[in-house]
Enquirer: 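Would you mind keeping the following structure in view while I ask a few things?
Chain A is the first sequence line, chain B the second, and so forth, proteins listed ahead of strands; every chain is numbered from 1.
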Amino acid sequence: MPRWTMIEAIRDALNVMMARDDRVVVFGQDVGRFGGVFRCTDGLQGKYGASRCFDTPISESGIVGVAVGMGAYGLRPVAEIQFADYMYPAYDQIVSEAARLRFRSAGDFSAPLVVRMPCGGGIFGAQTHSQSPEALFTHVAGLKTVIPSNPHDAKGLLIAAIEDDDPVIFLEPKRIYNGPFDGHHDRPVVPWSTHELSETPEGYYMVPLGEAVVRREGADVTILAYGTMVHVAEAACQSVGIDAEIIDLRTLVPLDLETVVRSVGKTGRCVIVHEATRTSGFGAELAAQVQEHCFYHLETAIVRVTGWDTPYPHAQEWDYYPGPDRVGRALTRVMET
Amino acid sequence: MPRWTMIEAIRDALNVMMARDDRVVVFGQDVGRFGGVFRCTDGLQGKYGASRCFDTPISESGIVGVAVGMGAYGLRPVAEIQFADYMYPAYDQIVSEAARLRFRSAGDFSAPLVVRMPCGGGIFGAQTHSQSPEALFTHVAGLKTVIPSNPHDAKGLLIAAIEDDDPVIFLEPKRIYNGPFDGHHDRPVVPWSTHELSETPEGYYMVPLGEAVVRREGADVTILAYGTMVHVAEAACQSVGIDAEIIDLRTLVPLDLETVVRSVGKTGRCVIVHEATRTSGFGAELAAQVQEHCFYHLETAIVRVTGWDTPYPHAQEWDYYPGPDRVGRALTRVMET
Amino acid sequence: MTSSPLTLHIPVPLPCRDGDFSHLHLSDAGGVDRPPVDVREDKIRGFAFQLIRVLDDEGRAVGSWSGTCSVEQLRSGLRAMLKTRAYDVRMAMMQRQRKTSFYMQCTGEEAIACAFQAALKPGDMNFPTYRQQGLLIAQDWPVVDMMCQVLSNERDRMKGRQLPVFYSAPEAGFFSISGNLATQYVQAVGWAMASAMRGDTRVAAAWIGEGSTAENDFHAALVFASVYRPPVILNVVNNQWAISTNQSVAGGEWTTFAARAHGYGIPALRVDGNDYLAVHAAALWAVERARRNLGPTLIEWVTYRMAPHSTSDDPSKYRPQGDQSSWLLGDPIERLKDHLIAIGAWSEERHIQLKVELDEEISTAAREAQGFGTLMEGAKCSPASMFEDVYKVMPRHLREQRQESGF
Amino acid sequence: MTSSPLTLHIPVPLPCRDGDFSHLHLSDAGGVDRPPVDVREDKIRGFAFQLIRVLDDEGRAVGSWSGTCSVEQLRSGLRAMLKTRAYDVRMAMMQRQRKTSFYMQCTGEEAIACAFQAALKPGDMNFPTYRQQGLLIAQDWPVVDMMCQVLSNERDRMKGRQLPVFYSAPEAGFFSISGNLATQYVQAVGWAMASAMRGDTRVAAAWIGEGSTAENDFHAALVFASVYRPPVILNVVNNQWAISTNQSVAGGEWTTFAARAHGYGIPALRVDGNDYLAVHAAALWAVERARRNLGPTLIEWVTYRMAPHSTSDDPSKYRPQGDQSSWLLGDPIERLKDHLIAIGAWSEERHIQLKVELDEEISTAAREAQGFGTLMEGAKCSPASMFEDVYKVMPRHLREQRQESGF
Ligand SMILES: Cc1ncc(C[n+]2csc(CCOP(=O)(O)OP(=O)(O)O)c2C)c(N)n1
Ligand SMILES: Cc1ncc(C[n+]2csc(CCOP(=O)(O)OP(=O)(O)O)c2C)c(N)n1
Ligand SMILES: [Mg+2]
Ligand SMILES: [Mg+2]
């Protein structure tokens, strides 16, 4: 099996689906001729032609707006928002239109589209190239929200997202595009080729939406994480030597509650990690559901380790980032109570 | 003291502040000549002139965008979004600009603006005139989010919001504009004049942002609510005869955690009520914080009573609405465990 | 350079200005020539400041835009407009009788949707606002079906979910209406792009009110239409009012809405929207351009909103006295009727007879529709259906919530 | 009406088209007359398809737009442009040396910001993008201060929060830069509205790149400027590229960006942005209009992005061969230099000497700035400061988070 970076895996998912289904079209800012600022669409225009993969004007609302129209026509648009931080102009088309079209028309029309967007910090991108807006999507009925943590899942989940008949928000943690970054920003960069989850089957396969996976089995505490934070959680477990069970949620909505409840039922402790600001982040929803379903199993309060409730700063990036130290401290604290 | 409806109280807050401070300007769709579709700005253009209170083009992003510019200039803009459901086009200006201007410019510039918007259902407004998007604001660092439940607070909070130096989202539950609606839609309409909280002091006064209030003292269970749901919670307590303590949060961010924790510490039980869809609603944040701070006081899991995770329907409005029956059932259930 | 104090310009409703109608940029009937459909955009920029009209004051059809309709087509256009008006009257009455929550009429604007629809082919797709019921009625779409939607009853194909008048009818080329203004405008462009990408022959029509052209999606639509030249007709219905604000608050004080297209290199027409013949001719022209892969056309239809904005509205609170009475382009139904009479193809008697017939048809339909329930009483869609169609397949959390709801 | 299959038009970079530059709508120097500032918009619509130029190929200043600058002003303009370029070169180098994360140059576009600033008065407010460093440098704003921002060091007045080049300088009439494109455009309109509402005399200048005119806020800005006629200059810097996409992807294939203004009844100029004299004259004209309460003006500045988009970019991946070399409007610095030499007010020797002087000045400043730290090493703002300025007064939850952070 080839070993791929996340960028290569994403590109291959698009390639596989464009070859299988001529209704799949790919577009966004700089994605056509140039192949995307992160190179995720490199070569697709050359291979499938400019009306299957093309550059768009700098208008996120336009990008998603035309995608809704194309979806209603019967195509399978895969739109790229250059950075998740720039999705706000498209938020109305996502929330008021894509998410509700099937419901409001009682199934007459639907918008089977995928909106891909790089998210998260760790690249000195400051407030406008670092955000993790997943909670702004999970609150919206009608959307599915997906966030992979490795090349294998990225390809399989993206294929599943494109095949899905509902609008899917596909968040790509840009800090792990090129390697399984675990938050130790002061250590040498590790490439994906060294990680087993860069092994990516050729051709078509799916990682179904709505299924979490246990990345590390453990008995003491459950860590709920997704995206880059899965690797940070692994690094934290290693350094504090606590036998944590790490769940990679992969899909936030619909949530794989069974896997979560089973694990917390076993460990009795729960730490939630995400990079987004804390207040009303997706960690709040996880905490609410875990306490609801595991109340009598919990030994101690659920703890959230998150980005602070501030914009993402530039020079203080690593002070903002919920890295392995902070996660480790939380684990220790949770084990002490 | 005059007894006012919520509309009159809001109008008077604007009137008081426009008279006190000539930097206060009021604008939005249909707010000038006509006085607003809910009449909240009626008479202000006549009194203060068309460059203090005026109609805008139908562009929510423009409304908030020019408000940010006016705020940076030194004015105190109070913008109206006709329905909260229509705030999405303005979301980028709210989140990326108003909320972060002070931070990103290290205090060089700020956007002291108030964005008023009627929210909530109960008027057969269907999916586009019924939404409660508060959680989409509470997740955003730099914003304050306020939602009054009665004329007295509406006036005092709006004055505080206008005086505040940060951007404030001011949500107005439209179903209680004209009376303290408690969710019993099948009973005769009750006007505000019958309710003590319609007593609204004349002239200038403030209800400080960030302070919750105990609406009803009780020993058995704490109900956290805001806006219309405060009245629904009262009705529910009455009908099931449970001695609940009802907290009207009034400001969601910054949250008055002390009042919440004090109450749950006393009752050991907590029910959260809001009209917004459940997943990632503000109830999730409340649940997360309550379990974090009151873990050892909780006798049972925190329960959320909310709108369903669907768009707000038209004909089935009362089946969607978290009315006194549903709240009552939750109270009973929580008391049984 | 002086430095006297600046002042802010605040527009006032235009018709107030001493009977000055120059902002209407009127033209005589027949005064604007019909260019070939492959004309270059820069050759017809002047069209944005003129008004294509076919019917003159004597009810004659004049000029190069005339002659696109047979007498039979004109009579069926008249019928569609009359039926639309009868439908509106009836539905507004049912709202007053509290059989539903809300209604929106298109009184005075019937020619636009009815004649436009006549220029389309099956398979073409409209992306309408809430004031294009004429698109359905002109196709003889069953009014009982429309009424059931308005009444949110058990036969409502939208399952009671949508506000009244927010129809959806894919088979009739009528896209689901959104309550959020302007969002559908750019979707129409996307649909048209898809049609072109697939080598299809179908065209799309986007609809928007002049007030809503201020919204973001109007711009996004024009940008994408400008760049990719898809087969779309960009309709702007300028009925002078947007709830309480005059078109001057949308920018109409300084130029026309047709002129918006110029900044995008998109050809624009400006048409008397109360002239059925002009509407039909202009629509045909733009549809042919689209179908021949010549790209998008923007059309400003100049008309007047005779009714209140909706049943929740009271125009006497904001419309200047005499605004409506000084309106210059008349009533589209009267004008087509006069023309048909002038050419000897119609009579006052037949007109009255047709109205009676249509009122009867609408009444029968209304009785039938009410038999399936109204919003306030009788049958409606089950509450459990509220959990359906949020996703194609209901996920676990919605199944659990449905269970929790007890429905 | 034929029904052959439709196809979608996908634009390709324009300069590729067989050396066809017709889309540049060039005009001869002096070929466009200067109208009075109170001219009606409809009288100058043609200006959107011409190009205001003062400097001819021999370096002479010709036509009615010439003569707005004294020789002294021109020399200081040349100095500002040279200093801007020297600054850019140095900062890009510092980024390559990993002293910061990122940098953006304005190479080739210096005339626009430098000459525009010279047309403003103290108190006026620019709402810039990331490519208007010239606005600061032309005012002799301390480059050490700018460098400290780029280096995110302890003297960075933005406290290390912003990406490099996202300056803010209220005292210099320079609004805080946002990373979100176009958002500031409508804010400038709001600021100008406020100025007019207060009877002030200050004007605002909005800045945007041609690619970003596709964004929503561009439209919102024009709509509000159209309706309320505030004192704002709406600048569109058309440097032909938006990261990897040519201006054709923003709609520039079919019309000019100046023409966008027509649909809003806003007068527009189209100006050779590489001609310092033309920029100054056009800016003065628009600023005077604004100051005299005559309302907004949109100006398209035609220029060329000679540098990569940013230090993260590699134009060889997308720019067609010969694109840059076939650019017709030259280098603004060379052109002003040639003019000054032609009128006997400058020489090659003085030019070289000035460049050396400025390089030296920039080097000294760079050393000083680095003394306060760089992003990767040395002093920087305390992490605790991250919790400040989120709100005016730090609320409880942020105080607690700061405590939790241990900073
Ligand atoms: C995004 C959004 N903002 C505001 C509204 C409220 N609203 C409904 S109709 C309307 C006026 C629209 O006027 P116009 O576009 O001229 O259409 P007309 O009603 O005249 O047909 C407004 C402001 C809305 N539905 N959506
Ligand atoms: C809302 C938003 N979308 C996308 C981007 C990413 N982006 C940054 S610069 C740029 C190109 C802008 O081009 P143009 O407006 O022509 O300005 P120029 O860089 O040429 O000066 C893009 C797409 C962004 N910063 N903000
Ligand atoms: Mg209108
Ligand atoms: Mg550019």
Enquirer: Measuring heavy-atom distances to chain C, does R198(D) have an atom under 4.5 Å in its side chain, in its backbone, in both, or in neither?
Expert: neither

Enquirer: Do you know which two heavy atoms are closest between Y264(C) and W254(D), and how far apart they sit?
Expert: O-CB, 4.2 Å

Enquirer: Find the distance between OG1 (T7(D)) and CG (D200(C)) and round it off to the nearest 0.5 Å.
Expert: 12.5 Å

Enquirer: Heavy atoms only, distances under 4.5 angstrom: which of A259(C), A192(C), A48(C) has the most pairs with chain D? Name it, please.
Expert: A259(C)

Enquirer: Specify the closest pair of heavy atoms between T201(C) and S4(D), including all atoms of both residues, with the distance to one decimal.
Expert: CG2-O, 3.8 Å

Enquirer: Where does A250(D) contact chain C at under 4.5 Å (heavy atoms): side chain, backbone, both or neither?
Expert: backbone

Enquirer: For A290(D), is it the side chain, the backbone, both or neither that has a heavy atom under 4.5 Å from a heavy atom of chain C?
Expert: backbone

Enquirer: Any donor-acceptor pair under 3.5 Å linking the side chain of H219(D) with the backbone of T213(C)?
Expert: yes

Enquirer: Against chain C, label F49(D) side chain, backbone, both or neither, depending on which of its atoms sit under 4.5 Å from a heavy atom there.
Expert: side chain

Enquirer: Quick one: closest heavy-atom pair of P11(C) and V227(D), and the distance?
Expert: CG-CG1, 3.5 Å

Enquirer: So which of G265(D), S226(D), A196(D) has the largest heavy-atom pair count under 4.5 angstrom toward chain C?
Expert: A196(D)

Enquirer: Would you mind checking which part of F218(D) comes under 4.5 Å of any heavy atom in chain C, side chain (CB onward), backbone (N, CA, C, O), both or neither?
Expert: side chain

Enquirer: Of the non-hydrogen atoms in P5(D) and G199(C), which two are nearest, and what is the gap between them?
Expert: CB-O, 3.2 Å

Enquirer: Determine the minimum heavy-atom distance between G263(C) and R260(D), stating which atoms define it.
Expert: O-NE, 2.9 Å

